[in-house]
Amino acid sequence: MTKKLFVVLLLSLTIAACEPAGTDNNSNGNANAKPPASTPAPVSPEPSASTKAQVKAGDKVKITINGSATDATVVSVDEKSGKVTVKVEGQREEKTVAISDVIKN
């Protein structure tokens, strides 16, 4: 009898531990609680135009494909979206990559 009671108790504790905690949407529950004080995140300066990779159509660059640097030629640059279209040497199709992924030769 004690063994069965112990098994039932252990099983109920296991099930209770596995159930996700319910989210209470009671707006009165935290009415007096103050939000935790947080420190503002440090403001990092926007990268200026001089620090960005300045590439233009026709530039020889390197891009990373499958973990290895590959030579490519810039076809077009879209600074507004931050994308560069390149033609990878040895491939027929053009590839669009982020400006940050381009290394100027």
*asked:* Under the rule for side-chain contact (heavy atoms from CB on, under 4.5 Å), what residues qualify as partners of Leu5, not counting sequence neighbours?
replied: none
Report all side-chain donor-acceptor pairs from residues 58-77 shorter than 3.5 Å, counting only partners two or more places apart or in another chain.
from	atom 1	to	atom 2	distance (Å)
Asp59	OD2	Lys56	N	2.9
Lys60	NZ	Thr73	OG1	3.2
Lys62	NZ	Asp71	OD1	2.9
Ser68	OG	Ile65	O	3.2
Thr70	OG1	Ser68	O	3.4
Ser76	OG	Thr85	OG1	3.4

Using a 3.5 Å cut-off and no angle test, enumerate the donor-acceptor pairs between side-chain atoms of residues 91-100 and protein atoms at least two apart in sequence or in another chain.
none

